[in-house]
Amino acid sequence: MKKHAALLLLGSLLILMTGCKTEEEPFVHVEQVKFDIESLHLNPGKEHQLKVSILPENATNQKIAWYSSNTSVATVDRNGLVRALAFGEVTLTAEANDMHVNDAIILTIDDVDNSIPIESISLSGGTSHLFDFGTNPDVTSVHLEPVILPEEATNKRLEWSSDDPLVAEADEDGLLVAKSQGKTTIHVRTTDGGNKSASCEVTVIGVRDRNYDSEDDYYKIVYYPVNITVVDQDGQSVEQTWLDRNLGAREVASASNDFEAFGSLFQWSRKADGHEKVKWVSATSGSFVNAMAPLNTPTGDRRNAGYDGFMPTNAEPHDWARDEESNRDGLWGGRFEDKSYAAPLDAANQENNPCPEGYRVPTVEEFIAMAEAVTGLQNMEYGNTSYQVENAAQVFAESPLHMPWAGQCITTGTISGGRGVYWTNMPIIAGAGNIFTNAARFIMLNGSSVYLNNYQRTNAYSVRCIRATALDPETSQMR
(Lines give C-alpha, C1' and ligand atoms only; values in the text may rest on other atoms or scores of the structure.)
Protein backbone atom coordinates (compact mmCIF):
# COMPACT_ATOMS: atom_id res chain seq x y z
CA MET A 1 0.00 0.00 0.00
CA LYS A 2 2.82 2.36 0.90
CA LYS A 3 4.57 1.47 -2.33
CA HIS A 4 1.41 2.26 -4.29
CA ALA A 5 1.04 5.63 -2.54
CA ALA A 6 4.65 6.48 -3.25
CA LEU A 7 4.17 5.73 -6.94
CA LEU A 8 1.08 7.94 -7.01
CA LEU A 9 3.01 10.75 -5.37
CA LEU A 10 5.91 10.39 -7.84
CA GLY A 11 3.48 10.44 -10.77
CA SER A 12 1.84 13.60 -9.44
CA LEU A 13 5.23 15.28 -9.15
CA LEU A 14 6.14 14.30 -12.70
CA ILE A 15 2.87 15.73 -13.98
CA LEU A 16 3.50 18.98 -12.13
CA MET A 17 7.06 19.16 -13.38
CA THR A 18 6.18 18.51 -17.02
CA GLY A 19 3.33 20.99 -16.80
CA CYS A 20 5.63 23.84 -15.75
CA LYS A 21 7.04 25.89 -18.58
CA THR A 22 10.70 26.86 -18.35
CA GLU A 23 11.94 30.04 -20.02
CA GLU A 24 13.45 29.17 -23.41
CA GLU A 25 16.95 30.31 -24.35
CA PRO A 26 16.85 33.03 -27.06
CA PHE A 27 17.82 31.84 -30.53
CA VAL A 28 21.12 33.41 -31.58
CA HIS A 29 21.59 33.65 -35.35
CA VAL A 30 24.88 33.16 -37.17
CA GLU A 31 26.31 36.48 -38.37
CA GLN A 32 29.62 35.41 -39.91
CA VAL A 33 31.42 32.31 -41.16
CA LYS A 34 35.16 32.71 -41.75
CA PHE A 35 37.79 30.29 -43.07
CA ASP A 36 41.04 30.13 -41.11
CA ILE A 37 43.02 30.36 -44.38
CA GLU A 38 42.86 32.72 -47.35
CA SER A 39 43.39 30.02 -50.00
CA LEU A 40 44.70 26.47 -50.38
CA HIS A 41 47.16 24.58 -52.61
CA LEU A 42 47.22 20.78 -52.75
CA ASN A 43 48.74 18.04 -54.87
CA PRO A 44 46.45 15.48 -56.51
CA GLY A 45 45.52 12.77 -54.03
CA LYS A 46 46.18 14.94 -50.96
CA GLU A 47 43.66 15.78 -48.27
CA HIS A 48 43.16 18.78 -46.01
CA GLN A 49 40.82 19.39 -43.10
CA LEU A 50 38.99 22.70 -43.56
CA LYS A 51 38.22 24.82 -40.51
CA VAL A 52 36.00 27.83 -40.02
CA SER A 53 35.11 30.14 -37.16
CA ILE A 54 31.53 31.14 -36.46
CA LEU A 55 30.40 34.46 -35.00
CA PRO A 56 28.90 35.03 -32.61
CA GLU A 57 30.52 32.14 -30.77
CA ASN A 58 27.26 31.35 -28.97
CA ALA A 59 25.22 31.00 -32.18
CA THR A 60 22.48 28.44 -31.59
CA ASN A 61 22.79 26.44 -34.83
CA GLN A 62 26.44 25.99 -35.78
CA LYS A 63 25.98 23.33 -38.44
CA ILE A 64 27.99 23.93 -41.61
CA ALA A 65 27.36 22.67 -45.13
CA TRP A 66 30.42 22.26 -47.36
CA TYR A 67 30.50 22.66 -51.14
CA SER A 68 32.95 22.24 -54.00
CA SER A 69 32.31 24.10 -57.26
CA ASN A 70 33.73 21.18 -59.27
CA THR A 71 33.58 17.73 -57.69
CA SER A 72 35.60 16.21 -60.52
CA VAL A 73 38.56 18.32 -59.39
CA ALA A 74 38.03 18.21 -55.62
CA THR A 75 35.47 16.90 -53.18
CA VAL A 76 34.65 17.98 -49.66
CA ASP A 77 32.72 15.75 -47.24
CA ARG A 78 30.14 16.69 -44.62
CA ASN A 79 32.89 17.28 -42.04
CA GLY A 80 34.94 19.65 -44.20
CA LEU A 81 37.60 17.19 -45.32
CA VAL A 82 38.68 18.16 -48.82
CA ARG A 83 40.35 15.72 -51.20
CA ALA A 84 42.25 16.87 -54.30
CA LEU A 85 41.44 14.70 -57.33
CA ALA A 86 42.85 16.42 -60.44
CA PHE A 87 44.74 19.48 -61.61
CA GLY A 88 42.62 22.62 -61.62
CA GLU A 89 41.04 25.29 -59.50
CA VAL A 90 37.81 25.11 -57.51
CA THR A 91 35.88 27.24 -55.06
CA LEU A 92 35.27 25.70 -51.65
CA THR A 93 32.34 27.14 -49.73
CA ALA A 94 31.32 26.80 -46.09
CA GLU A 95 27.71 27.79 -45.49
CA ALA A 96 25.89 27.98 -42.17
CA ASN A 97 22.57 26.17 -42.11
CA ASP A 98 21.27 29.15 -40.16
CA MET A 99 20.80 32.31 -42.27
CA HIS A 100 22.90 30.78 -45.11
CA VAL A 101 25.85 32.96 -44.13
CA ASN A 102 28.93 31.73 -45.98
CA ASP A 103 32.58 32.17 -46.82
CA ALA A 104 34.65 30.78 -49.68
CA ILE A 105 38.27 30.13 -50.65
CA ILE A 106 40.02 29.05 -53.82
CA LEU A 107 41.69 25.62 -53.92
CA THR A 108 44.45 25.23 -56.51
CA ILE A 109 45.55 21.70 -57.34
CA ASP A 110 48.93 21.51 -59.03
CA ASP A 111 52.15 19.52 -59.06
CA VAL A 112 54.17 21.82 -56.82
CA ASP A 113 56.42 19.75 -54.58
CA ASN A 114 55.29 20.09 -50.94
CA SER A 115 57.48 17.25 -49.64
CA ILE A 116 59.65 19.52 -47.47
CA PRO A 117 57.23 21.95 -45.79
CA ILE A 118 58.07 25.39 -44.47
CA GLU A 119 58.57 25.32 -40.71
CA SER A 120 58.71 29.08 -40.13
CA ILE A 121 58.45 32.37 -41.99
CA SER A 122 59.36 35.90 -40.90
CA LEU A 123 60.00 39.30 -42.50
CA SER A 124 63.56 40.59 -42.47
CA GLY A 125 62.49 44.24 -42.40
CA GLY A 126 60.71 43.86 -39.08
CA THR A 127 57.09 43.74 -38.07
CA SER A 128 56.17 47.38 -38.75
CA HIS A 129 56.67 50.09 -41.37
CA LEU A 130 55.81 53.78 -41.56
CA PHE A 131 55.12 55.89 -44.67
CA ASP A 132 54.91 59.64 -44.00
CA PHE A 133 53.81 61.44 -47.15
CA GLY A 134 54.02 64.78 -45.38
CA THR A 135 57.76 64.28 -44.92
CA ASN A 136 58.63 61.96 -47.82
CA PRO A 137 55.78 62.09 -50.37
CA ASP A 138 57.80 60.30 -53.04
CA VAL A 139 58.51 57.23 -50.89
CA THR A 140 55.48 55.05 -51.56
CA SER A 141 56.79 51.49 -51.60
CA VAL A 142 59.24 49.03 -50.09
CA HIS A 143 59.98 45.35 -50.61
CA LEU A 144 59.10 43.04 -47.76
CA GLU A 145 61.69 40.25 -47.72
CA PRO A 146 60.43 36.92 -46.33
CA VAL A 147 62.85 34.65 -44.46
CA ILE A 148 61.88 31.00 -44.93
CA LEU A 149 63.14 28.06 -42.88
CA PRO A 150 64.30 25.52 -43.71
CA GLU A 151 66.04 26.99 -46.73
CA GLU A 152 65.52 23.73 -48.62
CA ALA A 153 61.71 23.91 -48.33
CA THR A 154 60.32 22.70 -51.65
CA ASN A 155 57.31 25.01 -52.00
CA LYS A 156 58.18 28.64 -51.34
CA ARG A 157 55.14 30.06 -53.06
CA LEU A 158 53.57 32.72 -50.81
CA GLU A 159 50.33 34.66 -50.71
CA TRP A 160 50.05 38.28 -49.57
CA SER A 161 46.98 40.12 -48.28
CA SER A 162 46.05 43.38 -46.57
CA ASP A 163 43.44 44.01 -43.89
CA ASP A 164 42.72 47.39 -45.51
CA PRO A 165 43.85 47.70 -49.16
CA LEU A 166 42.78 51.37 -49.12
CA VAL A 167 45.75 52.02 -46.80
CA ALA A 168 48.39 49.70 -48.28
CA GLU A 169 48.73 46.36 -50.03
CA ALA A 170 51.46 44.00 -51.21
CA ASP A 171 51.75 42.25 -54.56
CA GLU A 172 52.77 38.64 -55.20
CA ASP A 173 56.46 39.58 -54.97
CA GLY A 174 56.12 41.31 -51.60
CA LEU A 175 56.21 44.86 -52.97
CA LEU A 176 54.42 46.90 -50.31
CA VAL A 177 52.65 49.95 -51.78
CA ALA A 178 51.25 52.69 -49.54
CA LYS A 179 47.92 54.19 -50.68
CA SER A 180 46.51 56.68 -48.17
CA GLN A 181 46.40 57.52 -44.49
CA GLY A 182 45.47 54.78 -42.09
CA LYS A 183 46.70 51.62 -40.42
CA THR A 184 46.62 48.10 -41.79
CA THR A 185 48.28 44.73 -41.39
CA ILE A 186 50.01 43.00 -44.30
CA HIS A 187 49.96 39.19 -44.06
CA VAL A 188 52.14 36.68 -45.88
CA ARG A 189 51.11 33.03 -45.77
CA THR A 190 52.61 29.80 -47.01
CA THR A 191 50.76 27.69 -49.58
CA ASP A 192 52.30 24.30 -48.85
CA GLY A 193 49.53 23.27 -46.46
CA GLY A 194 51.43 24.16 -43.30
CA ASN A 195 49.56 27.44 -42.74
CA LYS A 196 52.65 29.34 -41.57
CA SER A 197 52.40 33.12 -41.66
CA ALA A 198 54.04 36.43 -40.77
CA SER A 199 52.72 39.98 -40.68
CA CYS A 200 53.77 43.61 -40.82
CA GLU A 201 51.90 46.51 -39.23
CA VAL A 202 51.80 49.40 -41.72
CA THR A 203 51.04 53.04 -40.91
CA VAL A 204 50.50 55.65 -43.62
CA ILE A 205 50.32 59.37 -42.86
CA GLY A 206 48.88 61.71 -45.49
CA VAL A 207 46.88 61.30 -48.69
CA ARG A 208 48.53 62.10 -52.00
CA ASP A 209 46.58 63.68 -54.85
CA ARG A 210 45.49 61.12 -57.43
CA ASN A 211 47.75 62.73 -60.05
CA TYR A 212 50.65 63.36 -57.68
CA ASP A 213 53.04 61.24 -59.76
CA SER A 214 52.40 63.22 -62.93
CA GLU A 215 54.98 65.72 -64.16
CA ASP A 216 52.59 68.59 -63.43
CA ASP A 217 53.45 70.40 -60.20
CA TYR A 218 49.79 71.47 -59.88
CA TYR A 219 49.04 68.04 -58.43
CA LYS A 220 51.93 67.86 -55.95
CA ILE A 221 49.55 68.02 -53.00
CA VAL A 222 49.31 65.97 -49.80
CA TYR A 223 45.93 66.09 -48.09
CA TYR A 224 44.98 64.84 -44.64
CA PRO A 225 41.80 63.12 -43.44
CA VAL A 226 39.36 64.78 -41.07
CA ASN A 227 36.63 62.95 -39.18
CA ILE A 228 33.23 64.30 -38.33
CA THR A 229 30.45 62.56 -36.40
CA VAL A 230 27.08 62.59 -38.16
CA VAL A 231 23.66 61.00 -37.73
CA ASP A 232 22.79 58.54 -40.49
CA GLN A 233 19.39 57.73 -42.01
CA ASP A 234 18.70 55.25 -39.22
CA GLY A 235 19.33 57.82 -36.52
CA GLN A 236 22.70 56.29 -35.55
CA SER A 237 25.82 58.31 -34.84
CA VAL A 238 28.52 57.33 -37.34
CA GLU A 239 31.86 58.68 -38.48
CA GLN A 240 32.57 60.27 -41.84
CA THR A 241 36.13 60.80 -43.08
CA TRP A 242 36.68 63.73 -45.46
CA LEU A 243 39.78 65.36 -46.91
CA ASP A 244 40.83 68.50 -45.07
CA ARG A 245 40.54 70.73 -48.14
CA ASN A 246 39.05 70.97 -51.62
CA LEU A 247 40.72 69.09 -54.45
CA GLY A 248 43.48 71.26 -55.88
CA ALA A 249 43.83 73.41 -52.74
CA ARG A 250 47.33 73.72 -51.30
CA GLU A 251 46.19 74.83 -47.87
CA VAL A 252 43.33 74.46 -45.43
CA ALA A 253 40.91 77.38 -45.49
CA SER A 254 41.41 79.90 -42.70
CA ALA A 255 38.20 81.74 -43.63
CA SER A 256 35.34 81.45 -46.08
CA ASN A 257 37.02 83.90 -48.48
CA ASP A 258 40.52 82.39 -48.27
CA PHE A 259 41.05 82.05 -52.03
CA GLU A 260 44.37 80.25 -51.55
CA ALA A 261 42.23 77.36 -50.30
CA PHE A 262 39.59 77.43 -53.07
CA GLY A 263 41.25 74.78 -55.24
CA SER A 264 39.96 73.32 -58.50
CA LEU A 265 36.61 73.65 -60.29
CA PHE A 266 35.33 70.46 -61.94
CA GLN A 267 32.73 69.87 -64.62
CA TRP A 268 30.44 67.16 -63.29
CA SER A 269 31.68 63.55 -63.71
CA ARG A 270 34.84 64.72 -65.49
CA LYS A 271 38.22 63.44 -64.29
CA ALA A 272 41.18 65.57 -63.25
CA ASP A 273 42.52 66.04 -66.78
CA GLY A 274 43.62 69.67 -66.54
CA HIS A 275 40.28 71.35 -67.22
CA GLU A 276 39.78 71.88 -63.49
CA LYS A 277 42.99 73.84 -62.81
CA VAL A 278 42.27 77.38 -61.65
CA LYS A 279 44.51 80.31 -60.74
CA TRP A 280 42.70 82.38 -58.12
CA VAL A 281 43.70 86.04 -57.78
CA SER A 282 41.06 87.06 -55.24
CA ALA A 283 38.01 85.72 -53.42
CA THR A 284 35.82 86.71 -56.35
CA SER A 285 38.05 86.27 -59.39
CA GLY A 286 40.14 83.60 -61.03
CA SER A 287 41.03 82.10 -64.40
CA PHE A 288 41.52 78.65 -65.86
CA VAL A 289 45.13 77.56 -66.26
CA ASN A 290 44.43 75.85 -69.61
CA ALA A 291 42.67 77.35 -72.60
CA MET A 292 38.96 76.62 -72.93
CA ALA A 293 37.54 74.48 -75.71
CA PRO A 294 35.42 76.16 -78.43
CA LEU A 295 31.84 76.88 -77.39
CA ASN A 296 29.33 74.03 -77.79
CA THR A 297 31.77 71.33 -78.86
CA PRO A 298 30.93 68.47 -76.49
CA THR A 299 33.00 65.30 -76.55
CA GLY A 300 31.58 61.94 -77.53
CA ASP A 301 33.51 60.10 -74.82
CA ARG A 302 32.88 60.97 -71.20
CA ARG A 303 35.85 58.82 -70.16
CA ASN A 304 38.26 60.93 -72.17
CA ALA A 305 37.30 64.48 -73.07
CA GLY A 306 40.23 64.79 -75.45
CA TYR A 307 40.75 68.35 -74.29
CA ASP A 308 42.51 69.69 -71.19
CA GLY A 309 40.42 72.84 -70.87
CA PHE A 310 36.96 73.75 -69.63
CA MET A 311 34.30 72.89 -72.26
CA PRO A 312 31.68 75.69 -72.30
CA THR A 313 28.12 75.40 -73.57
CA ASN A 314 25.15 77.73 -73.82
CA ALA A 315 22.73 75.29 -75.47
CA GLU A 316 20.87 72.12 -74.58
CA PRO A 317 21.68 69.68 -73.17
CA HIS A 318 24.20 71.82 -71.23
CA ASP A 319 26.59 68.92 -70.84
CA TRP A 320 30.26 68.75 -71.81
CA ALA A 321 29.76 65.18 -73.15
CA ARG A 322 27.19 63.56 -75.43
CA ASP A 323 28.18 60.00 -74.51
CA GLU A 324 24.77 58.28 -74.34
CA GLU A 325 26.17 55.18 -72.66
CA SER A 326 27.27 57.06 -69.55
CA ASN A 327 24.70 59.88 -69.55
CA ARG A 328 22.43 58.11 -67.10
CA ASP A 329 24.86 57.44 -64.27
CA GLY A 330 27.92 59.43 -65.24
CA LEU A 331 31.38 58.33 -64.15
CA TRP A 332 31.62 59.48 -60.55
CA GLY A 333 30.08 56.35 -59.01
CA GLY A 334 26.55 57.70 -58.58
CA ARG A 335 23.27 56.19 -59.70
CA PHE A 336 20.28 57.89 -61.30
CA GLU A 337 18.26 59.78 -58.66
CA ASP A 338 19.69 57.61 -55.85
CA LYS A 339 20.74 59.86 -52.98
CA SER A 340 22.62 57.17 -51.07
CA TYR A 341 24.34 55.02 -53.72
CA ALA A 342 28.10 55.04 -54.21
CA ALA A 343 29.67 52.48 -56.52
CA PRO A 344 32.67 50.48 -55.28
CA LEU A 345 35.96 52.17 -56.03
CA ASP A 346 36.86 49.53 -58.62
CA ALA A 347 33.55 49.83 -60.50
CA ALA A 348 33.47 50.85 -64.16
CA ASN A 349 31.49 53.99 -63.36
CA GLN A 350 34.27 55.25 -61.07
CA GLU A 351 36.69 55.68 -63.98
CA ASN A 352 36.61 59.48 -63.77
CA ASN A 353 36.86 59.60 -59.98
CA PRO A 354 39.11 62.63 -59.35
CA CYS A 355 39.68 61.84 -55.67
CA PRO A 356 42.82 60.24 -54.20
CA GLU A 357 43.20 56.51 -53.54
CA GLY A 358 40.44 55.29 -51.22
CA TYR A 359 38.29 58.42 -51.64
CA ARG A 360 35.36 59.36 -53.88
CA VAL A 361 32.82 62.09 -54.59
CA PRO A 362 30.21 62.09 -51.78
CA THR A 363 26.56 61.10 -52.12
CA VAL A 364 23.68 63.50 -51.49
CA GLU A 365 22.86 61.85 -48.15
CA GLU A 366 26.48 62.00 -47.00
CA PHE A 367 26.61 65.71 -47.78
CA ILE A 368 23.31 66.38 -46.04
CA ALA A 369 24.41 64.44 -42.94
CA MET A 370 27.59 66.50 -42.83
CA ALA A 371 25.67 69.77 -43.27
CA GLU A 372 23.29 68.86 -40.46
CA ALA A 373 26.22 68.06 -38.17
CA VAL A 374 27.95 71.36 -38.99
CA THR A 375 24.87 73.61 -38.77
CA GLY A 376 22.76 71.82 -36.17
CA LEU A 377 19.84 71.70 -38.61
CA GLN A 378 17.65 68.59 -38.77
CA ASN A 379 15.61 66.81 -41.43
CA MET A 380 17.23 68.60 -44.35
CA GLU A 381 15.91 67.48 -47.72
CA TYR A 382 17.37 67.74 -51.19
CA GLY A 383 15.45 69.46 -53.98
CA ASN A 384 15.20 73.24 -54.52
CA THR A 385 15.29 73.77 -50.78
CA SER A 386 16.92 76.63 -48.87
CA TYR A 387 17.77 76.56 -45.16
CA GLN A 388 18.57 79.71 -43.24
CA VAL A 389 21.78 79.54 -41.23
CA GLU A 390 23.09 82.54 -39.36
CA ASN A 391 26.64 83.30 -40.51
CA ALA A 392 26.62 80.21 -42.73
CA ALA A 393 29.92 81.12 -44.39
CA GLN A 394 31.66 81.38 -41.04
CA VAL A 395 29.99 78.24 -39.71
CA PHE A 396 31.31 76.07 -42.53
CA ALA A 397 34.71 77.75 -42.66
CA GLU A 398 35.24 77.21 -38.93
CA SER A 399 33.91 73.64 -38.95
CA PRO A 400 36.36 70.71 -38.74
CA LEU A 401 36.21 70.53 -42.56
CA HIS A 402 37.05 74.25 -43.09
CA MET A 403 34.91 74.53 -46.22
CA PRO A 404 35.36 77.87 -48.04
CA TRP A 405 33.07 79.81 -50.37
CA ALA A 406 35.11 78.56 -53.33
CA GLY A 407 33.27 80.12 -56.23
CA GLN A 408 32.06 78.60 -59.47
CA CYS A 409 32.28 78.66 -63.24
CA ILE A 410 29.02 79.00 -65.15
CA THR A 411 28.27 77.48 -68.56
CA THR A 412 30.22 79.88 -70.79
CA GLY A 413 33.42 79.89 -68.73
CA THR A 414 33.15 82.88 -66.41
CA ILE A 415 34.69 82.25 -62.98
CA SER A 416 33.26 84.10 -59.99
CA GLY A 417 33.31 83.89 -56.21
CA GLY A 418 30.91 84.82 -53.45
CA ARG A 419 29.42 81.40 -52.90
CA GLY A 420 30.52 77.84 -52.26
CA VAL A 421 29.21 75.16 -54.60
CA TYR A 422 30.08 71.49 -54.14
CA TRP A 423 29.24 68.55 -56.40
CA THR A 424 27.76 65.25 -55.27
CA ASN A 425 27.87 62.07 -57.36
CA MET A 426 24.13 61.77 -58.17
CA PRO A 427 22.75 62.33 -61.70
CA ILE A 428 19.16 63.45 -62.25
CA ILE A 429 16.72 64.15 -65.08
CA ALA A 430 16.10 67.76 -66.03
CA GLY A 431 15.28 69.71 -69.14
CA ALA A 432 13.04 69.11 -72.12
CA GLY A 433 12.45 65.53 -73.16
CA ASN A 434 13.93 64.15 -69.94
CA ILE A 435 17.46 64.77 -71.18
CA PHE A 436 20.08 63.96 -68.57
CA THR A 437 21.44 67.47 -68.40
CA ASN A 438 22.06 67.95 -64.70
CA ALA A 439 23.71 66.47 -61.64
CA ALA A 440 23.06 66.98 -57.97
CA ARG A 441 24.94 69.73 -56.26
CA PHE A 442 25.26 71.16 -52.77
CA ILE A 443 25.32 74.95 -52.62
CA MET A 444 26.23 77.19 -49.72
CA LEU A 445 24.73 80.46 -50.84
CA ASN A 446 25.29 84.11 -49.87
CA GLY A 447 26.55 83.46 -46.35
CA SER A 448 23.11 83.22 -44.78
CA SER A 449 21.64 79.98 -46.10
CA VAL A 450 22.31 76.44 -47.27
CA TYR A 451 20.69 75.61 -50.60
CA LEU A 452 20.17 72.06 -51.91
CA ASN A 453 19.41 71.64 -55.59
CA ASN A 454 20.86 70.68 -58.99
CA TYR A 455 22.24 72.41 -62.02
CA GLN A 456 23.95 71.91 -65.37
CA ARG A 457 26.79 69.42 -65.78
CA THR A 458 28.78 71.80 -67.91
CA ASN A 459 29.22 74.18 -64.95
CA ALA A 460 32.33 73.79 -62.82
CA TYR A 461 32.18 73.55 -59.03
CA SER A 462 34.35 72.38 -56.13
CA VAL A 463 34.89 68.77 -55.09
CA ARG A 464 35.44 67.74 -51.48
CA CYS A 465 36.22 64.01 -51.25
CA ILE A 466 34.98 61.49 -48.69
CA ARG A 467 36.66 58.20 -47.78
CA ALA A 468 34.88 55.08 -49.03
CA THR A 469 35.02 53.68 -45.47
CA ALA A 470 35.52 55.87 -42.43
CA LEU A 471 38.74 55.83 -40.44
CA ASP A 472 38.60 55.69 -36.68
CA PRO A 473 38.97 59.21 -35.24
CA GLU A 474 42.39 58.52 -33.71
CA THR A 475 43.82 57.33 -37.03
CA SER A 476 42.41 60.33 -38.91
CA GLN A 477 44.27 62.68 -36.55
CA MET A 478 47.74 61.28 -37.26
CA ARG A 479 50.12 63.97 -38.55
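None of the values given here were measured: they were computed from a predicted structure.
- Interatomic distance, CD of Glu239 versus CG of Asp232, reported as 11.5 Å (0.5 Å rounding).
- Within a 6.0 Å sphere centred on CD of Glu381, heavy atoms belonging to other residues, nucleotides or ligands number 12 at most.
- In summary, Arg303 and Glu351 engage in a salt bridge, as defined by a charged side-chain N under 4.0 Å from a carboxylate O.
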Exercise. Show the numbers, then the answer: is there a side chain to side chain contact (heavy atoms under 4.5 Å, CB included) between Thr385 and Asn453?
Key: CA-CA 7 Å; Thr385 306; Asn453 202 7; over 6 Å; no

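- Put simply, the side chain of Arg441 never gets that close to the backbone of Trp423: no donor and acceptor are under 3.5 Å apart.
- Taking the six-membered ring for Trp, Tyr422 and Phe442 have ring centres at least 6.0 Å apart.
- Using a 4.5 Å heavy-atom cutoff, the side chains of Phe27 and Asp98 are in contact.
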Self-check item: Criterion side chain to side chain donor-acceptor pair (under 3.5 Å) on Tyr359 and Thr241, from CA distance to verdict
Solution: CA-CA 9 Å; Tyr359 289 76; Thr241 301; over 6 Å; no

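- With hydrogens and angles disregarded, no donor-acceptor distance shorter than 3.5 Å links the side chain of Glu366 to the backbone of Ile466.
- A donor-acceptor contact shorter than 3.5 Å links the side chain of Trp320 to the backbone of Trp268.
- Defined by atom type and a distance below 3.5 Å, a donor-acceptor pair is missing between the side-chain atoms of Asp138 and Thr140.
- The pair Lys183-Asp163 fails the salt-bridge criterion, with no side-chain N (NZ, NE, NH1 or NH2) lying under 4.0 Å from an Asp/Glu carboxylate O.
- Considering only heavy atoms from C-beta on, Met426 comes within 4.5 Å of Lys339 through its side chain.
- Between Tyr219 atom OH and Asp209 atom CG the span is 7.5 Å, to the nearest 0.5 Å.
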Exercise. Verify side chain to side chain contact (heavy atoms under 4.5 Å, CB included) between Glu95 and Val33, making sure each step is shown before the conclusion.
Key: CA-CA 7 Å; Glu95 182 175 276; Val33 172; over 6 Å; no

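- Ion pair Asp164/Arg467 flagged as a salt bridge, since at least one NZ, NE, NH1 or NH2 atom sits closer than 4.0 Å to an Asp/Glu carboxylate oxygen.
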Self-check item: Trp242 and Tyr224: CA distance, side-chain angles, deciding distance, ring pair (Phe, Tyr, Trp, His ring centres under 6.0 Å) verdict
Solution: CA-CA 8 Å; Trp242 297 76; Tyr224 290 93; over 10 Å; no

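- Of the possible polar contacts, one joining the Glu276 side chain to the Gly274 backbone as a donor-acceptor pair under 3.5 Å is found.
- Between the CD atom of Gln456 and the CD atom of Gln267 there is a distance of 11.5 Å, given to the nearest 0.5 Å.
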Quiz prompt | Full working for side chain to side chain donor-acceptor pair (under 3.5 Å) between Arg302 and Ser269 | solution = CA-CA 8 Å; Arg302 196 176 295 277; Ser269 79; 3.3 Å; yes

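- Side-chain atoms of Thr93 do not come within 3.5 Å of backbone N or O of Ala104 as any donor-acceptor pair.
- Judged purely by atom type and a 3.5 angstrom limit, Arg479 uses its side chain to pair as donor or acceptor with the backbone of Ser476.
- Using a 4.5 Å heavy-atom cutoff, the side chains of Phe266 and Trp332 are in contact.
- The shortest non-hydrogen separation linking Gly134 to Val222 is N-CG1, 4.4 Å.
- Rounded to the nearest 0.5 Å, atoms OG1 (Thr411) and CZ (Arg457) are 15.5 Å apart.
- Residues Asn246 and Ala261 share a closest heavy-atom pair of ND2-O, 4.1 Å.
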Practice problem: Please test His402 against Phe396 for ring pair (Phe, Tyr, Trp, His ring centres under 6.0 Å), starting from the C-alpha separation and ending with a verdict. | Solution: CA-CA 6 Å; His402 296 284; Phe396 279 91; over 10 Å; no

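- By the 30° and 60° cut-offs, the orientation of the rings of Phe259 relative to Phe262 is perpendicular.
- Between the side chains of Thr475 and Asp472, at least one donor N or O sits under 3.5 Å from an acceptor N or O.
- Between the side chain of Glu372 and the backbone N or O of Met380, at least one donor-acceptor pair lies under 3.5 Å.
- Ion pairing of Lys277 with Asp308 is absent here, as no side-chain N (NZ or NE/NH1/NH2) approaches a carboxylate O to less than 4.0 Å.
- The two residues Arg189 and His187 have their closest heavy-atom pair at NH1-CB, 3.3 Å.
- Separation of atoms OH (Tyr382) and OH (Tyr451) is listed at 9.0 Å; rounding is to 0.5 Å.
- Contact between Tyr307 and Met292 at its shortest, heavy atoms only, is OH-O, 2.9 Å.
- A pairwise comparison of heavy atoms in Gly334 and Asn349 identifies O-ND2, 3.6 Å as the closest pair.
- Using a distance-only test at 3.5 Å, with no hydrogens or angles considered, no donor-acceptor pair links the side chain of Thr135 to the main chain of Asp132.
- Shortest non-hydrogen contact noted between Pro225 and Val207 is CD-CG2, 4.2 Å.
- The main-chain N or O of Leu175 is found under 3.5 Å from a side-chain atom of Asp171 such that the two form a donor-acceptor pair.
- By the 4.0 Å N-to-carboxylate-O rule, Arg322 lies too far from Asp319 to be salt-bridged with it.
- Between Glu169 and Lys179, at least one side-chain nitrogen of the basic residue sits less than 4.0 Å from a carboxylate oxygen of the acidic one, meeting the salt-bridge criterion.
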Quiz prompt | Audit row: Asn227, Thr229, side chain to side chain donor-acceptor pair (under 3.5 Å) steps and yes/no | solution = CA-CA 7 Å; Asn227 268 35; Thr229 303; over 6 Å; no

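- Between the side chain of Arg464 and the main chain of Val361, no donor-acceptor pair closer than 3.5 Å is present.
- Note that the CD atom of Glu251 and the CG atom of Asp258 stand 4.5 Å from one another [nearest 0.5 Å].
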